[in-house]
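We count residues from 1, following the sequence as given.
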Amino acid sequence: MAAGENFMSAGFCLKYAGIIFLLGIYAIGWQQIIKYLPLTTAYANKAVTIVWGIVWGFIFFHEHLSYGKIIGALIIIIGIVMFVYSDVNSKRGADKP
């Protein structure tokens, strides 16, 4: 959106500052996540950001949803579910005598 504004205009600076603010919020949130979750779980779930990018791009920017994007998002979600499921099963196995 900032690209549609004149360089260094008030609108450009405001939109650019907004994205920097959002990136700061993301960085703080990520630090909190890795503080409380195991690192492997946190990084596995970070792949969901790609899915959210597809969703928000479709909603806010009216981007085209191709079959490739949908299949890719499903592969990511299936991979995360498999990872979490295997992690839960390995912890259950560790608890058994």
All N/O donor-acceptor pairs, side-chain side in residues 63-76, below 3.5 Å, sequence neighbours left out:
from  : atom 1 : to    : atom 2 : distance (Å)
Ser66 : OG     : Lys69 : N      : 3.2
Lys69 : NZ     : His64 : O      : 3.0

Please table the atom pairs, donor to acceptor, closer than 3.5 Å between any side-chain atom in residues 25-38 and protein atoms at least two apart or in another chain.
none

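Evaluation of the side chain to side chain contact (heavy atoms under 4.5 Å, CB included) rule for Ile59 yields Val55, Trp56 as partners, not counting sequence neighbours. Under the rule for a side chain to side chain contact (heavy atoms under 4.5 Å, CB included), Leu14 has no partner lying at least two apart in sequence or in another chain.
Cluster membership check: Leu22 shares its hydrophobic cluster with Phe12, using side-chain heavy-atom separations under 4.5 Å among Ile, Leu, Val, Met, Phe, Trp and Tyr. Leu23 and Phe61 are members of different hydrophobic clusters when ILVMFWY side chains are connected at heavy-atom separations under 4.5 Å. Val51 is connected to Val81 through a chain of hydrophobic side-chain contacts under 4.5 Å among Ile, Leu, Val, Met, Phe, Trp and Tyr, so both are in one cluster.
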